[in-house]
Each structure stands twice: as C-alpha cells, then as structure tokens.
Amino acid sequence: MINVNHERTMTVARKRGFLWSSFEIYSGVAGFVDYGPLGATLKNKIMNRWREFYVVREGFYEIESPTIMPEEALKASGHVDHFNDPMTQCKECMDVYRADHIIEDATGRDVEGLENQELTEIISDEGIRCPRCGGHLTHVWSYNLMFQTLIGARGKKTGYLRPETAQGIFIPFKRLLRFFRNRLPFGVVQLGKSYRNEISPRQGVIRLREFTQAEAEIFVDPEHKTHPDFEEVKEDILRLYPAGRQMEESGTVDMTAAEALEAGVISSEVLTYHLCLAKRFLMDIGIPEDALRFRQHLPSEMAHYAIDCWDVEAFTDSYGWIEIIGIADRTDYDLRSHSQHSGEDLRVFIEYDEPRRIRKRAVKPDMGKLGPKFRKDAARIASALSEVDVEEIEKALDEEGRFILEGEFEILPDDVSFEDVEEVVTGRKVYPHVIEPSFGIDRIIYTLLLHSLVDDGERTYFRLPPHVAPVEVTVLPLVNREEMVMTALEIERNLRRSGFIAEFDSSGTIGRRYARADEIGVPFAVTVDHETLEDGTVTLRNRDDCSQVRVKIEELVPTLEKLRG
RNA sequence: GCGGCGUUAGUCCAGCCUGGUUAAGACACUGGCCUGCCACGCCAGCGACCCGGGUUCAAAUCCCGGACGCCGCACCA
C-alpha cells in the first residue's frame, strides 16, 4: 500500500549521521542506539514540538524525576511483580513457559511468591513435563525486564532503572496537586529515558533497552471525563480499528471523533480528544495520515490497570504495524496503589456545586468510661468505633448488651451514646482517573524517517517539514570564486546569527551539493551566483520541487522565517 | 533464550570453498584543477578483514568460543 523502504532509510540514516547502533567499536550491544549529530537535532526538535502541543497548547507542566527508582515505588506500581517472572524452558521443543503457570496448571498448587529454587524442585518432584511435547524442563530462572542496581556505598537498597516515566509523576502527586491548587483536571508531562532489559531486542530502533518517552498524565474527575476543546477536534477523522472489528477481522473504519464518541467506540470524550491531538502532532512533524491507524487493545491484552487503551500504530514495511503511541485510561489504579503502599492519602477533594446536608446517626464514645477501661488503647478504639457501621453497634448493644470491637474489646451500652447529627458535606474525596498519552519518541523518529524518505531514482532525500529538519538551510557559492565564497560565508553567518541552522558547502559541483543537502532533508538552499555580485539577490531553492526564486539578501531572513513556520 | 545463515574502508561489495601478492573495485569523503545551476569533468589523497583463543612456517581464508546482524521458533505485564 504505502511505499516505504526500511533498508534504504536505515542506510541513509546511518551514513549521514542520524542514527547508528551504539558501542560499535566494541562490537555493539543489542538494544542501544546512538543519535548522531542530525539525529539528535531532529529528536530535540520533535521533543520541542511535542512540548508545543502538550505544555503550551494544553497547559500541562513538565517535571523531571530520577531514572533510578527504589524498589518500593515499583512494587506499588506493580512493575516488580509484572516485570519479574519465573521462566522455564522445554529441553526438547524449546518452548518457554511461565514456571508458576505450568505448575499451577499441572498440580493446582498456588506457588505465588516461591523462590526459583523451590519452583525447580516442585517441577522435578512432581514430574512436571512440557505440556506440548512431554519433554524435560530446565531449571527455573528469573526473567526480569527491569535493570536492577544497588543504591548507596554499602549497596543495601535495591533500585531499578525506571521502566516508564509515568511513575515519576504519580509519586509526587500530592505536591503536584498542591501546585495546581487542588483542582482537577490538570496534566503533568515528563520526557526522558526509560529502560527495559528485553530478552532479545532484534528490531533495531523498534525495540530498545534504553528508549525515550514523552508521557502526559492527565488527572481528571472520574465523573467528568470531558475536554473543554473537544469542539475543535470533533470533525477530525480517525482511522479506527476497534477490538470488535479485530476479532471479526473486518479491518479499520474511518469515523469523525464525534461519531466515534457517540457510538461508544471510544470510552470518553477526553480520551477521544487525546487521540485527535496525538494524530495532529504526528501529522505536524511530517508523518503522513495514511501511515497511521488507531488500534484498540483487546480485552485480553489490556494492562491490568486500564479500562480502555488505544495504540497509535504506524505502517512499516519490515515490521508491519508498530505501536508508536499508547493512549490509555489508566483509571485510578496507580494513585490508589501508591496510596495503599505509602500510606499517603492521594485523593482529591472535589467540591459539590451545592453543599449537601446529610442526616445520619453517629456514635459518640464516652471517654470518661473508655479511658480508665482501655487505657492506652482508648484513643485508638474511639476512632475505630467511628469507622464501624453505626447500626451494627446499636443492634449489638440492643440485642446482646455488648459489642465486641476487633474481636477483643468489649463495649458496653454505657460506654457510648448515639445521636442524630446533620452534617453539611461540601464535596467528596476521590482518586482522580488518569488519561495517559505515552509517546515512544524513538519509534516516532523511525516512522518519520521511514515515511519521509523519497527515493525516486533521480534523487534520494528526506522530505522533512522545515520546522523539524535538522539543517534548515544550506548556502552555496555557484562556483569557487573568491567573491562568491565570501558572500556565501557571510550569508551563512548571518543566518546563524538569526537563529537558523545553516551550512556552507563549496565542495564539488553545484548539483552534487544540492544532492548532498537534499539527502539529509535540508528544505532550502541559497545559491550565490553571478547575478548576486551585481544586484545583491540570491536564488532560494525548494528541496521538494527544485524550484528557485530570486530573493534580496536582506530579505532572506524574513522569507525563511515565514517558510519555516 | 534455541536453531539456521552471515559480519571485509563512511556505504555497497570481491577475495574465503582450495591458507601464502602491496586485500581488488565502485560510490562517498578530503585536497587541487576546471567560469560549471541539479549527484554521472580531470588529477591526487584518505580509508577495512567484528572480538578472543586454537591449528599452521604462514590465517580475511580452517577450527572453537563470544559479540553483533538477518530469518524461523519462543519471549515482549
């Protein structure tokens, strides 16, 4: 369908300084890449463009947290459990299995939390064999997708390189909430490196062990999953591949954002809005619309925390459709979990439009009685009583003459009294839900390069939009004559002073120099020719159609600024 | 992780089977020349045998191990 060429793209990218595999002189390590001079520039421009969309346009704020995280934090997020699986492999057919699953299937035993050694022993004691071919199984090893390290000089504390940037936002949630003056919705973003120790990363820049993410965590009221600017995007066309259509293999469907929301294909307005925004971003940096589709996660593949999740997928010739962005409704999973593990209340107080009066019956402990009776436990008992259902206490005292708290403390009718109180409730405390657009920057750059490469037999060049092209303008003397060279050098210098990434090139024929600049996607070429020396005009050449216009040297900067956008 | 195939200048590659020359070529790049507007004018130059071990008088070449790459299987909450 779409004409792209992975081999050609990567060859040019490597040759011209965009991207290559790391540590080459030490024979390389799979899953790591270097961004060369042009690649790093391109990446920075794309990340800055992303900030334009999410920080400037949406009003989110960017934070920066450590890439090394303590074990507790990742236990709370579920990563320690989910990224650390006991594995075993059949020695005959080479199938790999989760050791705990295979034991549970064979014996019905719950082996959660057992050590690898113990699991290995169970496999041999119970004579468990490969479910497919009956072959012997290897010893159990841990398959840990997170890079582990030790924190501190004595190395007592286990740490991990973060597997996603998102957790760095959830953890300081209370401070962030305060920064946003306790009001929902608000969004926080983080751009940076994350790490996953993939077993066999074989797809180059598609599956890296160290990769760059740009993530936004948008905290919303679970009862108001809307977006104030939805009107603006409601006519955007989305190429959707919902779970239902995947299961019946019926292909994608194009719908407007409003239609998709109306039909319930996408679960909420705010999620729909962010699908649109992601698409707008990708098109802004130069990825063609027809290279993209939105694929909904199947219920079976949805992460444990999400209720709806859409991947933005890009078409590639050698890897098929690849995920470049995940946009998920993570619900309140993360904040709830961090609350439980840390003991911090990470809920948000949401005021009602009108205060509500609630009549209810309350238990009132008589501390004059409870104090002498329970001594140092008294205070705790008093507060524990208020947690218990009032009716339950009243009923027990009525019918049995006593109430046993926590199976231990005997409360008698005289110890407490009951009263009807009217409470004014001005709001409720809730865990916000989290909408998370998560961008894989490396894959986006790969997709952009792949789809930008034009190789028409005549010329080879990256058709990058002017505002993301790493080199923005090249300045060339038509011939190597002193006056032309001097003029060209001066123009290059002035362009740099005016904020353009400009290059000067006098080596080889003019055609070769155009080709050289085209290949790395330089959108504009300024040529100093004979006429320049007479009337102070230069030619300004457009990369995509090779057309040229004459421009006065003084007008170069404003002209290029307009063209760059 | 398993199996198959592979790895030679910046890039694409010849040579390996059958061990022995100064490791060939093209493109790119650099310098010089050339009054030339779209890579294809001339001259010169730079630049490589993935790493480690073994066999041998001698290893790019044969053997073993490793790394990396491609393909298949597995894995990828």
Side-chain angles (χ1 to χ4, degrees), chain A residues 6-8 10-17 20-33 36 74 77-85 87-98 101 130 132 135 138-139 141 143-146 163-164 196-204 206-209 297 300-306 309 318-319 322-323 326 328 333 457-461 474 476-484 505-519 525-533 538-543 545-548 550:
Chain A
H6 168 83
E7 289 301 327
R8 286 286 300 144
M10 291 314 290
T11 299
V12 176
R14 200 179 318 121
K15 195 169 70 172
R16 298 304 308 274
W20 53 75
S21 50
S22 302
F23 316 116
E24 276 178 322
I25 67 166
Y26 297 109
S27 65
V29 181
F32 297 93
V33 293
L74 290 162
S77 67
H79 286 90
V80 171
D81 290 336
H82 287 104
F83 271 66
N84 209 338
D85 297 332
M87 307 298 290
T88 185
Q89 187 174 28
C90 173
K91 290 174 183 169
E92 308 297 326
C93 69
M94 297 303 165
D95 262 17
V96 174
Y97 302 98
R98 286 273 299 267
H101 290 176
C130 172
R132 202 175 75 174
T138 62
H139 67 276
W141 76 90
Y143 160 43
N144 189 345
L145 219 46
M146 289 194 293
E164 59 174 12
R196 294 182 190 180
N197 199 0
E198 302 282 355
I199 291 184
S200 57
R202 276 202 297 196
Q203 294 141 297
I206 296 310
R207 224 162 109 202
L208 293 173
R209 288 185 164 127
H297 277 207
S300 59
E301 69 180 309
M302 196 110 65
H304 51 284
Y305 46 73
C309 184
S318 48
Y319 309 120
I322 59 165
E323 176 195 351
Y333 176 87
E458 282 283 297
R459 298 190 298 147
T460 300
Y461 61 100
T474 183
L476 316 169
L478 181 62
V479 298
N480 259 323
R481 259 172 59 180
E482 174 96 26
E483 308 95 293
M484 290 188 192
D505 187 358
S506 65
S507 164
T509 64
I510 188 73
R512 175 180 299 289
R513 285 177 275 156
Y514 286 141
R516 197 141 57 201
D518 286 345
E519 193 176 51
V526 169
T527 306
V528 174
D529 58 12
H530 302 93
E531 239 175 293
T532 308
L533 305 178
V538 291
T539 66
L540 181 58
R541 173 184 177 273
N542 179 300
R543 173 199 64 204
D545 57 14
C546 304
S547 64
Q548 286 176 304
R550 291 207 77 86

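Labels below follow one simple rule: chain letters A, B, ... track the order of the sequence lines, proteins then strands, and each chain is numbered from 1. Only heavy atoms go into these numbers, but all of them, side chains included; no hydrogens, no water, no symmetry mates.
If you check distances only, the side chain of R541(A) does reach the base of C38(B) with a donor-acceptor pair under 3.5 Å.
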Per-pair distances, 0.1 Å, donor-acceptor, side chain in residues 476-484 of chain A, under 3.5 Å, sequence neighbours excluded:
| residue | atom | partner | partner atom | Å |
| --- | --- | --- | --- | --- |
| N480(A) | ND2 | S506(A) | O | 3.1 |
| R481(A) | NH2 | E483(A) | OE2 | 3.2 |

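No donor-acceptor pair closer than 3.5 Å links the side chain of Y319(A) to the backbone N or O of I206(A). Between the side chain of R543(A) and the main chain of A517(A), no donor-acceptor pair closer than 3.5 Å is present.
Atom name C1', nucleotides A48(B) and G1(B): the rounded distance is 33 Å, in whole Å. Rounded to whole Å, the separation between the C1' atoms of C50(B) and C42(B) comes to 38 Å. Only the P atoms considered, U22(B) is 35 Å distant from C40(B), to the nearest whole Å. To the nearest whole angstrom, the two C1' atoms, one in C12(B) and one in G6(B), are 16 Å apart. Comparing the same atom, C1', in G10(B) and in U30(B) gives a spacing of 13 Å after rounding to whole Å. Separation of the P atoms belonging to G20(B) and A59(B) is 11 Å when rounded to the nearest angstrom. Separation of the P atoms belonging to C75(B) and C13(B) is 33 Å when rounded to the nearest angstrom. Here, G47(B) and U8(B) have their C1' atoms 13 Å apart, quoted to the whole Å.
With rounding to whole Å, L74(A) atom CG is found 13 Å from A77(B) atom C1'. Atom pair H79(A):NE2 and A77(B):P shows a separation of 10 Å (rounding to whole Å applied). Q548(A) has its CD atom 6 Å from the C1' atom of C37(B), to the nearest Å. Between the OH atom of Y319(A) and the C1' atom of C76(B) there is a distance of 15 Å, rounded to whole Å. For D545(A) and C38(B), the CG to C1' distance is 13 Å, given to the nearest whole Å. One atom, CG of L478(A), and another, C1' of C38(B), lie 11 Å apart when rounded to the nearest Å. The nearest whole Å value for the distance from the NE2 atom in H297(A) to the P atom in A77(B) is 10 Å. Summarising the geometry, the separation between NE2 on H6(A) and C1' on C71(B) is reported as 13 Å, rounded to the nearest angstrom.
Applying the side-chain contact (heavy atoms from CB on, under 4.5 Å) test to F32(A) and every residue at least two apart in sequence or in another chain returns S22(A), F23(A), V29(A), F147(A), R209(A), E210(A). With sequence neighbours left out, R541(A) forms a salt bridge (charged side-chain N to carboxylate O under 4.0 Å, His left out) with D518(A). In this structure R516(A) satisfies the salt bridge (charged side-chain N to carboxylate O under 4.0 Å, His left out) test together with D505(A), sequence neighbours excluded. Judged as a salt bridge (charged side-chain N to carboxylate O under 4.0 Å, His left out), and not counting sequence neighbours, R512(A) has no contacts. Every residue two or more places apart in sequence or in another chain that forms a salt bridge (charged side-chain N to carboxylate O under 4.0 Å, His left out) with R16(A) is listed here: E519(A). Every residue was checked against the side-chain hydrogen bond (donor to acceptor under 3.5 Å, both in side chains) condition with S21(A), not counting sequence neighbours, and none meets it.
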For this session: Go along nucleotides 4-11 of chain B 5' to 3' and tag each nucleotide: B for a protein heavy atom under 4.0 Å from its base, S when only backbone or sugar atoms are that close, - otherwise.
Result: ------SS
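In this model, the phosphate group of C38(B) is not approached by any side-chain N or O of R516(A) to a distance below 4.0 Å at OP1 or OP2. Between S507(A) and C29(B), a side-chain N or O to OP1/OP2 separation shorter than 4.0 Å is absent.
Residues T460(A) and R8(A) meet the side-chain proximity criterion, which asks for heavy atoms closer than 4.5 Å. Proximity of R513(A) to T527(A): side-chain heavy atoms (C-beta onward) are nowhere separated by under 4.5 Å.
Remark: E323(A) CD to H297(A) NE2 distance equals 5.5 Å, nearest 0.5 Å. Once rounded to the nearest 0.5 Å, the distance linking CD of Q203(A) with NE2 of H6(A) reads 10.0 Å.
For E164(A) and P201(A), each mapped to the nucleotide of RNA chain B holding its nearest heavy atom, the one lying further toward the 5' end belongs to P201(A).
For residues 525-532 of chain A, proximity to RNA chain B is found at T527(A), D529(A), H530(A), defined as any non-hydrogen atom under 4.0 angstrom from a strand atom.
Screening L540(A), V538(A), T539(A) for a side-chain contact (heavy atoms from CB on, under 4.5 Å) involving R550(A) leaves a single residue, T539(A).
Between L74(A) and S77(A), the closest heavy-atom pair is O-OG, 3.1 Å. Heavy-atom minimum distance, G204(A) versus L208(A): O-CD2, 3.5 Å.
Distance from the side chain of T539(A) is smallest to C37(B) among A77(B), G31(B), C37(B).
R207(A) comes within 4.0 angstrom of a base, heavy atoms only.
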Tabulated below should be each protein N or O lying under 3.5 Å from an N or O of nucleotides 63-68 of chain B; please produce it.
| residue | atom | partner | partner atom | Å |
| --- | --- | --- | --- | --- |
| A67(B) | O2' | S27(A) | O | 3.2 |
| A67(B) | O2' | S27(A) | OG | 3.1 |
| A67(B) | O2' | G28(A) | O | 3.0 |
| C68(B) | OP1 | A30(A) | N | 3.2 |
| C68(B) | O4' | S27(A) | O | 3.0 |

At a cut-off of 3.5 Å, list every protein nitrogen or oxygen paired with a nitrogen or oxygen from nucleotides 40-43 of chain B, distance to 0.1 Å.
| residue | atom | partner | partner atom | Å |
| --- | --- | --- | --- | --- |
| C40(B) | OP1 | R512(A) | NE | 3.4 |
| C40(B) | OP1 | R512(A) | NH2 | 2.5 |
| C40(B) | OP2 | T509(A) | OG1 | 3.3 |

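Secondary-structure annotation of RNA chain B gives the stems B:1-7 with B:67-73, B:10-12 with B:25-27, B:29-33 with B:41-45, B:50-54 with B:62-66, with a stem taken as at least 3 successive Watson-Crick or G-U pairs whose two distances both fall under 3.5 Å.
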